[in-house]
Protein chains: 2
Amino acid sequence: MRQNPARRTALLDAAIDVLARDGSRGLTLRAIDAAASVPTGTATNYFRDRDDLLGQVMRRTRERLAPDPAVVERTMRAPRDAKLVAELMRQLVDRMRADRASNLAMLELRLEATRRAALGDELGGFLTAEHTELIDFHLGAGLPGDRIGVALLYFAMSGLLLDDLTLPAIPDQYRTDELVATLVARVLSAPR
Amino acid sequence: MRQNPARRTALLDAAIDVLARDGSRGLTLRAIDAAASVPTGTATNYFRDRDDLLGQVMRRTRERLAPDPAVVERTMRAPRDAKLVAELMRQLVDRMRADRASNLAMLELRLEATRRAALGDELGGFLTAEHTELIDFHLGAGLPGDRIGVALLYFAMSGLLLDDLTLPAIPDQYRTDELVATLVARVLSAPR
DNA sequence: TTCTGACCACTGCAAGCGCAGTGCTTTAGC
DNA sequence: GCTAAAGCACTGCGCTTGCAGTGGTCAGAA
């Protein structure tokens, strides 16, 4: 097993591209080699088997999709109101649109996770942790809304991003800004 | 090209099972034959090529996931309030959970549609039509909420169903009924 | 008898994997 | 600064797997 971290990352990024372009069906060690412009057989030296590969790809996509802490810090200087939440959501959408490949790869991995127990456990662990963190961050930062409201926000954003990625014809009918602003305003409103 | 409709449907249902079990990666004509318990080579006689197959599979999943008109009719006898919308949403979730295979197949098809233009157009047409119908039905039936509210409801349910399908650990943290009821109450509330 | 679909066997093709072998580069030890 | 050793990049090959497609036979219905 080779250790060169730069090369490993390059291979993983290539794998994400392949996954986005050709799907799980097209993801082979040779295809990764080609996408990364390295000699045939290189990927074989870096990944034990498909499970190992998918696990590493998953971790890499998490890295790539994570928000820049500096940007978060800067954004969070604003007052804790719905406008700020909407801004955070808009940044989320922008981030996802800017790295469409990682997002598509994540979807492929989600599906793959339904049939590979090991991957499912790992992905499940990561995403539930992320989900919990999101809620804790939101409530801890004093942003408006209750626990269930934040969860609903999360689900709605998931759905929006799913369509944005795979069937843009639907979200394209709306103005994203308006959609997000309305969603935040309503879903985080106090229960009556 | 063979015409026997019963056999064709059986093959398509088998294809949906294969798609759910093994993903796009595992979907081959031979795999369909095996899953449908018909002799090797049969599926070849029913599908011109992969595009043709995927298109037919897509149409079949739409059929399988469509609500029973009788149930809808019965449900719609109730007064037009948020409770009724919540009930409709709950029925949606139940319907999706009852046919997990079709749903997973649809997700696979969504991803496949991002790389096959023909499938993308077809799927896009179907789903945008469905989305428009949903909104028209909702508003036409005098259910509470405005256009954007219904769209948000749609996105949130998509997200919820996506997680329910691929990462149940997250939605399992909540009571579905409560989630749906709260979502409906808030997202369809009149703008202030 | 004729037509349609079911069934089956065979061929040919393509792709991927894993491995082994070679040569280069870097590091460590002295 | 030299030498030895280890790690890594690169290459090619053999093997296996698995699929698509074709053509031909058989059975049943019109």
Side-chain angles (χ1 to χ4, degrees), chain A residues 1-60 104-105 108-109 111-112 115-116 118-119, chain B residues 1-60 105 108-109 111-112 115-119:
Chain A
M1 185 76 45
R2 303 299 151 84
Q3 294 309 333
N4 184 335
R7 209 171 178 86
R8 180 173 298 270
T9 305
L11 288 170
L12 289 173
D13 285 339
I16 289 172
D17 287 343
V18 172
L19 218 40
R21 179 166 30 89
D22 302 324
S24 180
R25 190 175 167 74
L27 186 68
T28 66
L29 296 177
R30 302 301 149 112
I32 297 175
D33 291 335
S37 302
V38 297
T40 308
T42 304
T44 311
N45 295 325
Y46 281 83
F47 309 107
R48 206 178 325 110
D49 52 27
R50 199 174 172 80
D51 271 302
D52 184 37
L53 167 64
L54 291 174
Q56 292 191 40
V57 168
M58 192 209 78
R59 271 169 256 135
R60 177 64 184 152
L104 278 171
E108 292 281 356
L109 289 173
L111 284 170
E112 199 73 20
R115 32 195 123 88
R116 288 174 187 264
L119 187 63
Chain B
M1 186 74 47
R2 302 298 151 79
Q3 290 312 330
N4 185 333
R7 209 169 177 85
R8 181 175 296 272
T9 305
L11 288 170
L12 289 173
D13 285 339
I16 289 172
D17 286 343
V18 172
L19 219 39
R21 180 165 29 89
D22 301 325
S24 179
R25 190 177 167 72
L27 186 68
T28 66
L29 295 178
R30 302 301 149 107
I32 296 175
D33 292 334
S37 301
V38 298
T40 307
T42 305
T44 311
N45 296 324
Y46 282 83
F47 310 107
R48 206 178 326 112
D49 51 28
R50 199 174 172 84
D51 272 301
D52 184 38
L53 167 64
L54 292 174
Q56 291 190 42
V57 168
M58 194 209 77
R59 271 169 254 136
R60 177 64 183 153
E108 293 281 357
L109 289 173
L111 285 170
E112 200 72 19
R115 31 195 124 87
R116 289 174 186 265
L119 187 63

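A note on names: the letters A, B, ... follow the listed sequences, proteins ahead of strands, and every chain is numbered from 1.
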Nearest 0.5 Å please: distance from the [atom1] atom of [X] over to the [atom2] atom of [Y].
{"X": "B/Thr44", "Y": "B/Arg30", "atom1": "OG1", "atom2": "CZ", "answer": "5.0 Å"}
{"X": "B/Met58", "Y": "B/Gln56", "atom1": "CE", "atom2": "CD", "answer": "10.5 Å"}
{"X": "A/Tyr46", "Y": "A/Ile32", "atom1": "OH", "atom2": "CD1", "answer": "13.0 Å"}
{"X": "A/Asp22", "Y": "B/Glu112", "atom1": "CG", "atom2": "CD", "answer": "9.5 Å"}
{"X": "B/Leu11", "Y": "B/Arg2", "atom1": "CG", "atom2": "CZ", "answer": "11.5 Å"}

Considering only heavy atoms of chain B and a distance under 4.0 Å, specify the first and last nucleotide of DNA chain C in 5' to 3' order that meet this criterion.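 Contact span on the strand: C/dG5 to C/dC8.
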Output the rounded distance in Å from [atom1] ([X]) to [atom2] ([N]).
{"X": "B/Ile32", "N": "D/dG21", "atom1": "CD1", "atom2": "P", "value": "12 Å"}
{"X": "B/Leu53", "N": "D/dC19", "atom1": "CG", "atom2": "C1'", "value": "14 Å"}
{"X": "A/Arg30", "N": "D/dG14", "atom1": "CZ", "atom2": "P", "value": "15 Å"}
{"X": "B/Asn4", "N": "D/dA29", "atom1": "CG", "atom2": "C1'", "value": "13 Å"}
{"X": "A/Leu29", "N": "D/dC10", "atom1": "CG", "atom2": "C1'", "value": "16 Å"}
{"X": "A/Arg2", "N": "D/dA6", "atom1": "CZ", "atom2": "P", "value": "15 Å"}
{"X": "B/Asn45", "N": "D/dT22", "atom1": "CG", "atom2": "P", "value": "10 Å"}

So B/Thr40, base contact, sugar-phosphate only, or nothing? Heavy-atom distance under 4.0 Å.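 Since a base atom lies under 4.0 Å of B/Thr40, the category is base.
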How would you label the contact of B/Phe47 with the nucleic acid (heavy atoms, under 4.0 Å): base, sugar-phosphate, or nothing?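 Nothing, no heavy atom under 4.0 Å.
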I want to check something: taking the side chain as every heavy atom from C-beta on, are A/Leu109 and A/Leu54 in contact at a cut-off of under 4.5 Å?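 A side-chain contact under 4.5 Å exists here.
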Quick one: bend of the helix from C/dT1-D/dA30 to C/dC30-D/dG1 from 5 pairs per end, to 10°?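 One end's axis against the other's: 20°.
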Where is the tightest heavy-atom contact between [X] and [Y], given as atom of each residue plus distance?
{"X": "B/Ala105", "Y": "B/Ile16", "result": "CB-CG2, 4.0 Å"}
{"X": "A/Ala31", "Y": "A/Gly26", "result": "CB-O, 3.5 Å"}
{"X": "A/Arg115", "Y": "B/Leu19", "result": "NH2-O, 4.1 Å"}

So, does B/Asp33 use its side chain to make a donor-acceptor pair with the main chain of B/Gly41 at under 3.5 Å?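 Present.
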Could you tell me whether a side-chain N or O of B/Arg50 sits under 3.5 Å from a main-chain N or O of B/Leu27, the two making a donor and an acceptor?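 Indeed, once roles are kept as given, a pair shorter than 3.5 Å links the two residues.
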Which residues in residues 5-28 of chain A have a heavy atom closer than 4.0 Å to any atom of DNA chain D?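 Residues of residues 5-28 of chain A that come under 4.0 Å of DNA chain D are, in numerical order, A/Arg7.
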